[in-house]
Protein chains: 2
Amino acid sequence: MSVASELIRGNTETIILAQLMKGDGYGYMVNKAIFNLTGGKFELKEATLYTAFRRLEDAGCIVSYWGDETTGARRRYYSITDLGRESYRLRKKEWETAEAVIDKLLAEGEKGVSK
Amino acid sequence: MSVASELIRGNTETIILAQLMKGDGYGYMVNKAIFNLTGGKFELKEATLYTAFRRLEDAGCIVSYWGDETTGARRRYYSITDLGRESYRLRKKEWETAEAVIDKLLAEGEKGVSK
DNA sequence: AAGAGATACATTGACAGGCGAGGTATATAC
DNA sequence: GTATATACCTCGCCTGTCAATGTATCTCTT
């Protein structure tokens, strides 16, 4: 089953930060990594990807620099900042809280009606 | 920690359906049930609640009828349909898929950089 | 009797994130 | 030469959320 992007909403920035926690990367690469990690079940749309990078940079969570490619298309690399690392930790905790709450609420439907 | 409603987005209808799986209910009551179940960590805003009921009814997932209260404010009761039950099952599965994917992607950030 | 607070429903307009569609440019393979 | 992959970017629409506002009823306190 592929992933409903409705349900990913609000997590895209955290997902990107998680990738950058492992080291610098550029947009296209980050998205391919996500695609591969999920076995093709999910990938960010380009418009979503690049606007998320913009927001993260505006917020000071990441900084960017152009790669020195002598061949092929230019690449804009991103590096996570201390603020970004802190933000990643916080967002991950928030996700875990939300996850537990949703799990609990959706499980209510399994109780059925006793009559 | 309270729940970031950003992260609930896309699950409100499923949460409502889960409540109605247990039996008919009206808006205000459903929301109070959610509030109590989560220990006050989460409740739907009224505008969100009622627009979600509208969407569910338009989609044929629920049907509504006015209660016969002889006292107090009028209540609009909702009843889940077969389509609604089917929809609940599907949405729950979609949630579980999304949950696993997000868990995996966010865990990536724990790998750190090896240098 | 007046006022506050809880119950209960509903609508409007604004906002934010996601995304389809379109664009630019380089390199490789056939 | 043209198709495919890489790599970036922006505009405008869509959808779900929500603050604000409105209606009406009941109960409790003063």
Side-chain angles (χ1 to χ4, degrees), chain A residues 2-17 24-36 42-59 61-62 64-78 91 94-95 98 102, chain B residues 2-17 19 24-36 42-59 61-62 64-78 91 94-95 98 101-102:
Chain A
S2 76
V3 178
S5 62
E6 271 279 290
L7 300 176
I8 301 287
R9 194 183 171 114
N11 288 292
T12 49
E13 292 176 23
T14 320
I15 289 168
I16 290 171
L17 288 176
D24 292 9
Y26 58 95
Y28 203 82
M29 180 197 117
V30 165
N31 208 20
K32 286 286 170 251
I34 290 168
F35 183 79
N36 291 330
F42 179 65
E43 78 181 318
L44 295 167
K45 301 305 177 300
E46 293 201 357
T48 306
L49 181 75
Y50 292 112
T51 53
F53 275 122
R54 282 285 154 279
R55 286 198 302 272
L56 284 168
E57 190 160 27
D58 289 345
C61 289
I62 58 176
S64 70
Y65 55 93
W66 287 103
D68 59 351
E69 283 72 43
T70 51
T71 178
R74 71 201 171 143
R75 297 172 176 168
R76 187 195 281 273
Y77 284 85
Y78 296 95
R91 288 166 197 253
E94 283 175 349
W95 158 251
I102 297 170
Chain B
S2 77
V3 178
S5 64
E6 271 277 291
L7 300 176
I8 302 287
R9 195 185 170 107
N11 288 292
T12 49
E13 292 177 22
T14 320
I15 290 168
I16 290 171
L17 288 177
Q19 286 299 311
D24 292 8
Y26 56 96
Y28 203 82
M29 179 198 118
V30 165
N31 208 20
K32 286 288 169 248
I34 291 167
F35 182 79
N36 292 329
F42 179 66
E43 77 181 319
L44 294 168
K45 303 302 176 300
E46 293 201 355
T48 306
L49 181 75
Y50 292 113
T51 53
F53 275 121
R54 282 285 156 276
R55 284 197 304 273
L56 284 168
E57 190 159 28
D58 289 346
C61 289
I62 58 175
S64 69
Y65 55 93
W66 287 103
D68 59 350
E69 284 71 45
T70 49
T71 178
R74 68 199 172 145
R75 297 171 177 169
R76 186 195 282 274
Y77 284 85
Y78 296 95
R91 288 166 196 252
E94 283 175 349
W95 158 252
V101 164
I102 296 170

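Labels below follow one simple rule: chain letters A, B, ... track the order of the sequence lines, proteins then strands, and each chain is numbered from 1.
For B/S5 and D/dT17, the shortest distance from a side-chain N or O to OP1 or OP2 is not below 4.0 Å. At the phosphate of D/dG16, neither OP1 nor OP2 sits under 4.0 Å from any side-chain N or O atom of B/T48.
If you take CG of B/D58 and P of D/dG16, they are 11 Å apart, rounded to a whole angstrom. Separating the NZ atom of A/K45 from the P atom of D/dC8 is a distance of 18 Å, rounded to the nearest angstrom. Rounded to an integer number of Å, the gap from A/F53 CZ to D/dT10 P is 14 Å. Rounded to whole Å, the distance from CD1 on A/I16 to P on C/dG17 is 12 Å. Remark: P of D/dG16 and CG of B/L7 are 17 Å apart, rounded to the nearest angstrom. Taking atom CD of residue B/E13 and atom C1' of nucleotide D/dT17, one finds them 12 Å apart after rounding to whole Å. Distance, B/I8 CD1 to C/dG17 P: 17 Å, rounded to whole Å. A straight line from CG of B/N31 to P of D/dC18 spans 11 Å, rounded to a whole angstrom.
Side-chain N or O atoms of B/E57 include one that pairs as donor or acceptor with a backbone N or O of B/S64 at under 3.5 Å. Not a single donor-acceptor pair under 3.5 Å links the side chain of B/E94 to the backbone N or O of A/A4.
For A/N36, the CG atom counts as densely surrounded, since its 6.0 Å shell holds more than 12 non-hydrogen atoms of other residues, nucleotides or ligands.
When the local axes at the two ends of the helix from C/dA1-D/dT30 to C/dC30-D/dG1 are compared, using 5 base pairs at each end, they differ in direction by 0° after rounding to 10°.
For A/E43, the side-chain contact (heavy atoms from CB on, under 4.5 Å) partners two or more places apart in sequence, or in a different chain, are A/N31, A/K32, A/F35.
Proximity of B/I16 to B/Y78: side-chain heavy atoms (C-beta onward) are nowhere separated by under 4.5 Å.
Once rounded to the nearest 0.5 Å, the distance linking CG of A/L7 with OG1 of B/T14 reads 7.0 Å. Separation of atoms CD1 (A/I34) and CD1 (A/I15) is listed at 6.0 Å; rounding is to 0.5 Å. Taken from CZ in B/R9 to CD1 in A/I8, the straight-line distance is 14.0 Å, to the nearest 0.5 Å.
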Going 5' to 3' along nucleotides 5-16 of chain C, which nucleotides have protein heavy atoms under 4.0 Å from the base (write B), which only from the sugar-phosphate (write S), and which from neither (write -)?
--BBBBB----B

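Between A/Y65 and A/Y77, the ring-plane angle classifies as parallel under the 30° and 60° cut-offs.
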